[in-house]
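Written out below as structure tokens is the structure these notes cover.
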Protein chains: 2
Amino acid sequence: MPFEKSPHPAARELLTEQAQDALAGISELVRLPAHQVLYRQGESADCVYNIVGGAVLTYELLANGNRHITAFLFPNDLLGLSTHGAYIATAETLSPVVAYRIPIDALRDTLTHDPTLSVGLVLKLCHDLRDAQHHAITLAENAAHARVAGFLLWLRDALKSPADPLCLPMARQDIADYLGLSVESISRALHLLESEAAILRVGPRQIRLLDLDKLASFSGLDA
Amino acid sequence: MPFEKSPHPAARELLTEQAQDALAGISELVRLPAHQVLYRQGESADCVYNIVGGAVLTYELLANGNRHITAFLFPNDLLGLSTHGAYIATAETLSPVVAYRIPIDALRDTLTHDPTLSVGLVLKLCHDLRDAQHHAITLAENAAHARVAGFLLWLRDALKSPADPLCLPMARQDIADYLGLSVESISRALHLLESEAAILRVGPRQIRLLDLDKLASFSGLDA
DNA sequence: CGGATAATTGATCTCAGTCAATCAACGTGG
DNA sequence: CCACGTTGATTGACTGAGATCAATTATCCG
């Protein structure tokens, strides 16, 4: 939604400062250790969270026992919104996290009074929707190395850290459950990308993206 | 977001009557023939559409020439929202369509004045986000017949037509591009589901869902 | 009725999953 | 400080589900 055509903020900062302030007024700052559950799928959705620092993932457990990761969330991301009063997914911290915890009632009240927040929230949701659709496109791409290449580029963007050794905040299994692949396929894809000199594995959690263009062409999603 | 916990409207009618009225006041009713482009990916996003009747699909063209369908849209669905002033996908009618065309500027103005609309819009976007995540989960499920079974159940729900012969508004190729499969795999999956007495193909576009429980267990997504 | 398009069926091959083993990294306790 | 055990990551061999290519059948619309 082109509410702000030219001076658009960075993709992940769609909640304007005013909106952030409005939210801060009704929220509580919480600090959480790594690998802590924020909320569980099916629980009554009482609060939403606005991440300040750290990384979070959300997942759903399927009937067959598979775990499907629906999103990785980073600073300025919002999570916990749902339509029918119950959380859709389970949310877990990947690292120590600092976040605003916002009671849903307070959010609703603020929303009905403060139009500024509305616009920011709508923009944020549009972005998240776009992200989810992009995720779906990645999953529809059948080639494993294409999914992994796309994932690395997406992560680089999401982390806003062009810091050369890209730091993965999640384990291989998390990437696998996000991309719909096995951990072994993730390894093989990384091996392939490395052998093609597109990346360099410094450590299991540190990857240098050597050739962004090559990665983009591997991902098949660009231009 | 549990803005309305108990008396929640049907999933596809999250825009309240008030919100619908607010939108109707600033919009123009348009009628379009089948297989007409509403807008193209990359164009300036000037209008959003609220579907009254008919079916629409949105897709993105990838670098490798593949077409990925991001959504099928039906009455009460909203499309055309984007974050940065340009449409993300191309939208095409599947059938003759009646829709409200809403200038984005008018929507923004209304949004900053009418909190009712805000809440409705946020709810709608939450629903769409959930739908996109569900789509991603379907794509991550590797079994072709599982995807097709899930798709049929989803479509039945989306069409709000328990009318026994389920009418598919889209072609096999559309289903394939939505589920990340080949047309042949769609056929084979339907054949399998039919041989298991879960469905019955009346015609290419008419399918009777004989055993919803069996379909659900094939889909593997339910509880 | 006839041509064009869509849908189905068949045969083959490729790629990712699975099972299994190896290797590396890290933290613990002796 | 180092041996050890546990966990996570990688690599290898094999299998199976879906893509692809090709041919046939069905359906739509003039």
Side-chain angles (χ1 to χ4, degrees), chain A residues 34-35 57 62 64-68 94-95 138-152 166-196 199-207 218 220, chain B residues 33-35 57 62 64-68 94-96 138-152 165-196 199-207 218-220:
Chain A
H35 309 294
L57 62 77
L62 307 182
N64 38 314
N66 285 355
R67 181 183 71 151
H68 180 83
L94 278 167
S95 63
T138 301
L139 290 173
E141 285 292 310
N142 32 19
H145 56 271
R147 299 191 204 183
V148 174
F151 174 75
L152 290 174
L166 184 68
C167 292
L168 309 182
M170 72 290 286
R172 292 287 186 274
Q173 187 64 59
D174 297 327
I175 302 176
D177 289 347
Y178 183 70
L179 295 181
L181 297 168
S182 62
V183 276
E184 294 92 332
S185 290
I186 305 292
S187 274
R188 282 186 247 273
L190 289 174
H191 179 76
L192 173 69
L193 293 175
E194 192 167 34
S195 74
E196 295 282 343
I199 65 170
L200 191 143
R201 281 182 286 186
V202 180
R205 299 265 184 139
Q206 298 229 331
I207 295 181
F218 269 121
Chain B
H35 308 294
L57 63 76
L62 308 181
N64 37 313
N66 285 355
R67 181 185 69 150
H68 180 82
L94 278 167
S95 62
T138 300
L139 290 173
E141 285 292 312
N142 31 19
H145 56 270
R147 298 191 206 183
V148 173
F151 174 75
L152 290 174
L166 183 68
C167 292
L168 309 183
M170 72 291 287
R172 293 287 186 276
Q173 186 64 59
D174 297 327
I175 302 177
D177 289 348
Y178 183 70
L179 294 180
L181 297 168
S182 62
V183 276
E184 295 92 333
S185 289
I186 304 292
S187 273
R188 284 186 244 272
L190 290 174
H191 179 77
L192 173 70
L193 294 174
E194 192 168 32
S195 74
E196 295 280 344
I199 65 169
L200 192 144
R201 280 181 286 186
V202 180
R205 298 265 184 141
Q206 298 227 331
I207 295 181
F218 269 120
S219 84

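Below, read A as the first sequence line, B as the second, and so on, with proteins coming before strands; counting in each chain starts at 1. The structure displayed is predicted, hence computed values, not measured ones.
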- [ ] Indicate yes or no: at least one non-hydrogen side-chain atom of B:L192 is less than 4.5 angstrom from one of B:V148.
- [x] no
Open item on the list: Would you say that A:I207 contacts A:V202 through its side chain, given a criterion of any heavy-atom pair below 4.5 Å between the two side chains?
Closed with: no
- [ ] In whole angstrom, give the distance that lies between atom CZ of A:R172 and atom P of C:dA24.
- [x] 15 Å
Open item on the list: What is the distance, to the nearest angstrom, from the CG atom on A:D177 to the C1' atom on D:dG8?
Closed with: 14 Å
- [ ] Rounded off to whole Å, could you give me the CD-to-C1' distance for the B:E141 and D:dG18 pair?
- [x] 15 Å
Open item on the list: Using a 3.5 Å distance criterion without hydrogens, assess whether the side chain of A:R147 forms a donor-acceptor pair with backbone atoms of A:L179.
Closed with: yes
Task: B:Q206 CD - C:dA7 P separation (whole Å) - done: 14 Å
Task: Verdict with supporting geometry, A:R201 and A:E194, salt bridge (Lys or Arg N to Asp or Glu O under 4.0 Å) - done: CA-CA 7 Å; A:R201 281 182 286 186; A:E194 192 167 34; 3.0 Å; yes
Open item on the list: Side chain of A:L190 only, heavy atoms from C-beta on: which candidate in C:dT8, D:dT10, C:dA7 is closest?
Closed with: D:dT10
TODO: Taking only the side-chain nitrogens and oxygens of A:H191, find out if one of them lies under 4.0 Å from OP1 or OP2 of D:dT10.
DONE: no
Task: Charged N-O contact under 4.0 Å between A:D174 and A:R67 - done: yes
Open item on the list: Once rounded to the nearest 0.5 Å, what's the spacing between atom CD of A:E141 and atom CG of B:N66?
Closed with: 6.0 Å
Task: Value rounded to 0.5 Å, distance of CZ in A:F218 from CD1 in A:I199 - done: 10.0 Å
TODO: State, yes or no, whether a side-chain contact exists between A:R172 and A:L190 at a heavy-atom distance under 4.5 Å.
DONE: yes
Task: Whole-Å gap separating C1' (C:dA6) and CG (B:L94) - done: 15 Å
Open item on the list: At 10 degrees resolution, what angle do the end axes of the helix from C:dC1-D:dG30 to C:dG30-D:dC1 form when each is taken over five base pairs?
Closed with: 40°
TODO: Specify the separation, in whole Å, of atom NE2 of A:H145 and atom C1' of C:dT14.
DONE: 13 Å
TODO: Could you tell me the separation between the CG atom of A:L139 and the C1' atom of D:dG18, rounded to a whole number of Å?
DONE: 17 Å
Task: Protein-to-nucleotide contact annotation, 5' to 3' order, nucleotides 19-30 of chain D [B base; S sugar-phosphate only; - none; under 4.0 Å, heavy atom] - done: SBBB----S---
Task: Close side-chain approach of A:I175 and A:L168, heavy atoms under 4.5 Å - done: yes
Task: Interatomic distance, A:L168 CG vs D:dG8 P [rounded to whole Å] - done: 15 Å
